[in-house]
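All chains are named by letter (A, B, ...) in the order of the sequence lines, taking the proteins before the strands, and each is independently numbered beginning at 1.
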There are 2 protein chains.
Amino acid sequence: MTDKKQPLQLDFHSGLPIYTQIVEQIQSQLANGILKPGDQLPTVRALAQELRVNFNTVARAYRILDEARIISTQQGRGTYITEIPPPEVSEKLRNESLAALTHRFISESFRLGFSEREVSQMVRDSLKSWKEAKDSDDE
Amino acid sequence: MTDKKQPLQLDFHSGLPIYTQIVEQIQSQLANGILKPGDQLPTVRALAQELRVNFNTVARAYRILDEARIISTQQGRGTYITEIPPPEVSEKLRNESLAALTHRFISESFRLGFSEREVSQMVRDSLKSWKEAKDSDDE
DNA sequence: TCCTTTATTGTACTAATTGTATCATTGTAT
DNA sequence: ATACAATGATACAATTAGTACAATAAAGGA
């Protein structure tokens with residue numbers, strides 16, 4: 001119903017940069033459920049044409065959203081709303097997000113034939129080497 | 001038993017190229033005995049149709065695996081898992097493929113702002129509930 | 001049997017679609 | 001006038017798709 005494709009509306013005289021308007025409207029549509037995790041956004045060129053704007057302006061907006069982990073842009077493929085949006089939200093949602101992510105990982109590991117033992121060992125090792133890498137960065 | 005034909009599962013907005021996902025999953029399946037030396041893989045066209053992907057994308061994955069001597073592709077005949085199963089390579093491959101999977105999971109978790117502590121706790125919980133589910137199945 | 005035909009398979013090359021990087025232009029504030 | 005931010009232009013790179021081709025095997029007929 002209200003979650004149909006909603007064209008962005010720019011105000012060229014508002015003083016707000018176009019890319020900012022794009023960023024904010026996409027954020028707002030995500031917050032309102034008009035856009036949902038996994039949704040594909042228009043290509044930079046398509047959205048640019050629709051908005052009568054240079055596609056680099058759209059690309060800039062997408063880059064900002066990408067750095068904010070809100071969308072995932074993939075060269076040659078397209079841009080998508082991140083599956084698990086960065087939860088500045090509730091602790092509950094935050095926890096559910098990690099649970100979902102972990103569930104997918106473990107499920108996939110088992111599907112591929114790895115054992116519980118192997119999985120937990122690999123997670124330990126991987127976390128350990130991650131910490132070591134981080135520590136050496138901090139020096 | 002668990003070594004039946006296992007369909008590949010693609011995630012089209014994971015950020016990983018499709019051909020990479022195909023490569024990694026075939027490697028994992030081989031490492032875990034789901035695929036065995038001598039097994040014939042689906043033809044590029046058949047697998048492409050199953051995955052709803054262009055057959056050149058599958059061909060690209062096969063070419064990579066072929067160059068790695070993991071499969072042998074023969075024009076006009078098909079593609080087969082390489083006969084010679086280098087045992088230590090197999091174990092190595094198995095380890096590497098779980099490591100890659102784990103690395104992606106942890107990387108994504110950190111990217112979303114979760115702490116090492118949270119991740120390892122969630123993995124423990126998730127594995128535990130998995131085992132419980134399995135135990136109740138066995139009854 | 002032997003040859004021809006046809007279907008099936010992978011290969012090679014090209015095109016289309018997508019995002020990226022870099023620099024030029026424009027407008028505005030200082 | 002200068003500096004800076006926003007936008008646009010252009011060239012590029014990565015991924016996937018389209019098309020034509022070549023090798024192999026299987027089928028059919030002389």
Side-chain angles (χ1 to χ4, degrees), chain A residues 5 8-27 30 35 38-83, chain B residues 5 8-26 30 35 38-83 100 104 111:
Chain A
K5 198 184 60 169
L8 303 189
Q9 304 228 341
L10 298 185
D11 180 352
F12 288 92
H13 306 100
S14 71
L16 257 65
I18 297 175
Y19 70 87
T20 303
Q21 296 183 44
I22 296 174
V23 166
E24 291 182 349
Q25 293 199 28
I26 289 178
Q27 281 180 321
L30 178 59
L35 287 173
D39 281 358
Q40 178 166 19
L41 293 174
T43 68
V44 288
R45 284 171 178 81
L47 183 54
Q49 185 173 29
E50 184 183 321
L51 301 177
R52 315 295 194 94
V53 143
N54 187 277
F55 73 83
N56 283 296
T57 302
V58 177
R60 182 169 180 179
Y62 279 11
R63 182 157 45 81
I64 291 171
L65 289 164
D66 188 71
E67 284 164 359
R69 314 301 187 195
I70 292 173
I71 65 177
S72 155
T73 67
Q74 300 158 37
Q75 185 169 353
R77 301 231 269 144
T79 78
Y80 302 84
I81 302 286
T82 303
E83 281 296 347
Chain B
K5 198 184 61 166
L8 270 47
Q9 301 218 340
L10 298 185
D11 180 350
F12 286 92
H13 20 264
S14 71
L16 259 62
I18 297 174
Y19 67 88
T20 303
Q21 296 184 43
I22 296 174
V23 166
E24 291 186 353
Q25 293 198 31
I26 289 178
L30 173 61
L35 289 171
D39 279 0
Q40 177 166 18
L41 294 173
T43 68
V44 288
R45 285 171 178 82
L47 183 54
Q49 185 173 30
E50 184 184 323
L51 300 178
R52 314 293 196 95
V53 143
N54 187 277
F55 72 83
N56 282 297
T57 303
V58 177
R60 182 170 180 177
Y62 279 10
R63 182 157 45 82
I64 291 171
L65 289 164
D66 188 70
E67 284 163 1
R69 315 289 184 164
I70 291 173
I71 66 177
S72 156
T73 66
Q74 300 158 37
Q75 184 169 350
R77 303 231 303 137
T79 79
Y80 301 84
I81 302 287
T82 303
E83 277 297 344
R104 278 211 299 281
R111 192 178 76 80

Given atom [atom1] of [X] and atom [atom2] of [N], what is their separation to the nearest angstrom?
X	N	atom1	atom2	value
B:I64	C:dG10	CD1	P	16 Å
B:Y62	C:dA12	OH	C1'	19 Å
B:I71	C:dT9	CD1	C1'	13 Å
A:L51	D:dA6	CG	P	18 Å
A:D66	C:dG19	CG	C1'	10 Å
B:L65	C:dG10	CG	C1'	14 Å
A:L10	D:dA6	CG	P	15 Å

Once you apply the 3.5 Å cut-off to both distances, tell me the Watson-Crick or G-U wobble partner of D:dT19, or none.
->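 With both distances under 3.5 Å, D:dT19 matches C:dA12.
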
Please check the phosphate of C:dT18 (OP1 and OP2 only) for any side-chain N or O of A:T73 closer than 4.0 Å.
->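 No, outside the criterion.
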
What string of B, S and - do you get for nucleotides 9-25 of chain D, 5' to 3', if B is base contact, S is sugar-phosphate-only contact and - is no contact with any protein heavy atom under 4.0 Å?
-> BBB-BBBBBBB--BBBS

If you draw a 6.0 Å radius around CD in B:Q49, do more than 12 non-hydrogen atoms from other residues or ligands fall strictly inside?
->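 No, CD of B:Q49 has 12 or fewer neighbouring heavy atoms, counting only those of other groups under 6.0 Å.
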
Please indicate whether A:Q9 has more than 12 foreign heavy atoms, meaning atoms of other residues, nucleotides or ligands, lying under 6.0 Å from its CD.
->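 Open.
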
Partners of A:Y80 by ring pair (Phe, Tyr, Trp, His ring centres under 6.0 Å), sequence neighbours excluded?
->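 Expected list: B:H13.
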
Within the side chain of A:R60, is there an N or O that forms a donor-acceptor pair under 3.5 Å with the backbone of A:I18?
->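 Between the backbone of A:I18 and the side chain of A:R60 there is no qualifying donor-acceptor contact (under 3.5 Å).
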
Is it true that a side-chain atom of A:T82 and a backbone atom of A:I70 form a donor plus acceptor pair closer than 3.5 Å?
->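 Yes: the side chain of A:T82 pairs with the backbone of A:I70.
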
Gap between atom OG1 of A:T79 and atom CG of A:L65 - 0.5 Å precision |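 Between A:L65 CG and A:T79 OG1, I get 8.5 Å after rounding to 0.5 Å.
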
